[in-house]
Asks: 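Here you go, one structure.
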Amino acid sequence: MRQSQLFTKTRREAPKDEVAKNAQLLIRAGFIHKEMAGVYSFLPLGLRTLNKVVDAIRQEMNAIGGQELVMTALQDKTLWERTDRWDDEKVDNWFKTSLKAGGETGLGITHEEPLTRIMSEYVSSYRDLPLMAYQFQNKFRNEMRAKSGIMRGREFLMKDLYSFARTDEENQKQYDAARAAYIKTFDRLGLGAVTYPTFASGGIFSEFSEEFQTISDAGEDIIYVHEGKHIAVNKEVYTDEALAKLGLKREELVEKKAIEVGNIFHLGTRFSEALGLAYKDEAGASQPVVMGSYGIGPSRVMGTIVEVLADEKGIVWPESVAPFAVHLVELSNGNADVKAEAEELYRDLTSSGVEVLFDDRDARAGEKFADSDLMGIPLRVVVSEKTLAAGKCECVHRRSGKTEHKTNTELIESVRPERRHGR
Ligand code: ATP
Ligand code: MG
């Protein structure tokens with residue numbers, strides 16, 4: 001993509017009312033647009049990154065047998081009344097509205113209810129289980145605080161996977177598979193080293209649930225980290241009794257602020273019993289289905305990556321989610337040979353399957369470099385009179401600042417996708 005044609009421009013300032021670092025940087029770099037508090041649009045660069053986060057999660061969910069579907073945002077009130085989650089006294093963050101034709105609807109906060117009902121039409125025998133299904137879908141929550149940028153939206157993207165099993169043991173296997181997939185996913189997203197499976201309050205039918213918590217001063221949660229075991233305990237369950245159950249000692253744990261990027265739950269039979277999701281076992285007896293639920297917020301993950309990896313110059317994307325692999329910066333200063341060389345390199349990189357943002361604008365070097373640092377693409381490649389004379393372009397790694405000089409052929413060899421994926 002040519003930067004001269006990209007409709008977004010970088011900005012020196014973020015909106016005055018925006019206090020979160022992730023949103024300030026993403027707005028300044030032209031990745032997102034703030035509609036109102038807690039509500040953000042994803043612009044072309046931002047959507048490229050968000051889609052990469054989504055793709056990484058999707059691959060890991062498919063790998064454990066998750067089947068993708070997409071459910072509706074508008075929710076059937078009568079369904080939620082059956083699980084007692086419609087009343088504002090029970091769930092305090094619904095967006096609800098009345099229908100012109102009479103009655104009420106709400107915008108989905110999560111999707112246990114609708115998926116359980118869908119499954120009740122397809123699951124009837126022990127032969128139909130186990131199974132897992134998931135979606136990527138915008139959720140709507142009337143959050144009280146919306147000061148964390150895209151990490152806490154009132155409208156936000158969620159990946160929600162639900163598991164359906166015959167027995168507790170079968171449910172535990174699905175839970176373990178999902179847990180392992182989450183660890184792989186956060187590794188791929190560049191957050192593995194700072195993300196801890198964290199024991200938290202149980203939710204339904206189990207002693208603990210587990211959250212995936214990423215260490216960051218921008219976090220709203222307090223956790224106690226065991227470095228050696230790479231696990232943690234949320235403050236909400238940090239009691240002597242819980243620690244004893246988990247085999248952890250207070251003196252081995254370190255207090256940290258953290259961001260909850262995902263969580264996994266045993267649901268037991270709460271939803272299947274309330275909504276009549278049952279199967280006939282081999283003896284012909286009716287049994288309730290045992291469920292689990294597993295969430296990740298791709299937009300919260302994207303904000304978290306910005307919070308954790310950004311430096312004083314701007315965003316630093318891991319390769320796996322960067323909107324482009326290479327930021328090709330042409331400094332032709334009116335020199336036609338330099339321009340031609342940059343154009344040729346752009347063509348060759350693109351035809352080798354490399355995703356390139358080509359800064360072909362007529363602008364000063366300082367401005368181009370500042371924009372490039374702000375946007376955070378992992379590798380900046382500069383073509384100038386100097387590099388043309390030397391026969392090698394200049395390659396600067398965004399994260400380390402390390403600079404190398406390479407011929408065009410060497411550069412293409414080092415960044416072509418087959419090579420980066422180790423094929
Ligand atoms: P929190 O405790 O932060 O309010 P939650 O426990 O309500 O989140 P879940 O309902 O389990 O979160 O949602 C699953 C995942 O969706 C979370 O782990 C998080 O990554 C993401 N998420 C939840 N709320 C938001 C939000 N308001 N904006 C963006 N992502 C969110
Ligand atoms: Mg939570």
Side-chain angles (χ1 to χ4, degrees), residues 20 22-23 26 32 34-42 46 50 53-54 56-57 60-61 73 75 85 90-95 107-113 115 134-163 175 178-179 181-183 185-186 189 191 194-204 206 208-214 216 218-223 232 234-237 257-267 271 291-308:
N22 68 85
L26 288 164
I32 61 172
K34 183 175 192 170
E35 297 296 335
M36 54 195 213
V39 183
Y40 298 88
S41 294
F42 285 74
L50 186 65
V53 174
V54 164
I57 299 170
E60 296 303 333
M61 295 304 111
Q75 295 299 304
R85 293 214 291 177
K90 298 279 161 50
V91 176
D92 63 3
N93 57 4
W94 275 104
F95 282 105
L107 295 172
I109 48 174
T110 176
H111 280 74
E112 283 83 2
E113 280 81 349
L115 189 58
Y134 74 98
Q135 63 172 350
F136 289 94
Q137 199 236 21
N138 274 9
K139 302 286 190 255
F140 298 83
R141 292 186 184 177
N142 206 336
E143 303 271 7
M144 268 302 285
R145 290 185 68 251
K147 292 204 167 91
S148 299
I150 60 169
M151 298 196 305
R152 186 172 294 286
R154 294 194 162 107
E155 171 179 353
F156 63 96
L157 188 61
M158 194 196 286
K159 183 285 300 173
D160 38 334
L161 174 92
Y162 303 90
S163 63
Y175 182 96
R179 186 180 189 278
Y182 270 42
I183 291 172
T185 303
F186 292 116
L189 295 171
L191 293 175
V194 286
T195 300
Y196 293 78
T198 302
F199 293 100
S201 59
I204 312 160
S206 65
F208 302 106
S209 70
E210 282 178 279
E211 298 170 336
F212 286 74
Q213 292 274 4
T214 304
S216 164
E220 296 176 5
D221 291 358
I222 303 286
I223 65 168
N234 193 308
K235 187 172 187 176
E236 65 190 18
V237 296
K257 283 174 117 179
I259 302 161
E260 181 203 312
V261 286
N263 64 22
I264 57 180
F265 271 97
H266 292 287
L267 298 175
F271 294 94
M291 293 174 52
S293 91
Y294 314 83
I296 298 181
S299 46
R300 183 178 288 183
V301 166
M302 182 170 155
T304 301
I305 291 171
V306 175
E307 293 285 344
V308 171

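Atoms within each ligand, like the ligands themselves, are counted from 1 in listed order. Atom set for the values below is all heavy atoms of this structure, side chains included, hydrogens, waters and symmetry mates excluded. What you see is a predicted model; the values in this text were computed from it and never measured.
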Asks: Identify which of Arg154, Arg300, Arg152, Gln213 has a heavy atom lying nearest to atom 25 (C) of ligand 1.
Replies: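 Nearest heavy atom to atom 25 (C) of ligand 1 lies in Arg300.
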Asks: When you measure from the side chain of Trp94 to the backbone of Arg85, do you find a donor-acceptor pair of N or O atoms at a distance under 3.5 Å?
Replies: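 Answer holds: yes.
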Asks: For atom 10 (O) of ligand 1, tell me which residue out of Arg141, Glu260, Met158 has the closest non-hydrogen atom.
Replies: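 Checking each option, the heavy atom nearest atom 10 (O) of ligand 1 is found in Arg141.
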Asks: Please test Phe186 against Phe212 for ring pair (Phe, Tyr, Trp, His ring centres under 6.0 Å), starting from the C-alpha separation and ending with a verdict.
Replies: CA-CA 9 Å; Phe186 292 116; Phe212 286 74; 5.7 Å; yes
Asks: So for ligand 1, is Gly297 a polar contact partner (N or O within less than 3.5 Å, distance only)?
Replies: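 Right, the criterion is met.
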Asks: Using a 3.5 Å cut-off on N or O atoms only, is Val261 in polar contact with ligand 1?
Replies: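 Between Val261 and ligand 1 (N or O atoms, distance only) the closest approach is under 3.5 Å.
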Asks: Would Tyr175 and His266 count as a close aromatic pair, with their ring centres under 6.0 Å?
Replies: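 Judged by ring-centre distance (under 6.0 Å), Tyr175 and His266 do meet the cut-off.
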Asks: So is there a nitrogen or oxygen of Ser299 less than 3.5 Å from a nitrogen or oxygen in ligand 1?
Replies: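 No; the residue has no nitrogen or oxygen that sits under 3.5 Å from a nitrogen or oxygen of the ligand.
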Asks: Checking the side chain of Tyr182 only, and the main-chain atoms of Gly295 only, is there a donor and an acceptor separated by less than 3.5 Å?
Replies: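 Looks like yes, one N/O pair under 3.5 Å.
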Asks: With distance as the sole test, does Arg154 use its side chain to make a donor-acceptor pair with the main-chain N or O of Ala37 at under 3.5 Å?
Replies: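 At least one qualifying donor-acceptor pair exists.
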Asks: Could I get the full list of side-chain contact (heavy atoms from CB on, under 4.5 Å) partners for Val54, not counting sequence neighbours?
Replies: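 Only Arg58, Phe136, Leu157, Pro298 meet the side-chain contact (heavy atoms from CB on, under 4.5 Å) criterion with Val54.
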Asks: Please confirm whether Gly153 comes within less than 3.5 Å of ligand 1 when only nitrogen or oxygen atoms on both sides are compared.
Replies: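 Between Gly153 and ligand 1 (N or O atoms, distance only) the closest approach is under 3.5 Å.
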Asks: Checking contacts here: is it the side chain or the backbone of Met151 that comes within 4.0 Å of ligand 1, counting heavy atoms only? Could be both or neither.
Replies: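 The answer is the backbone of Met151.
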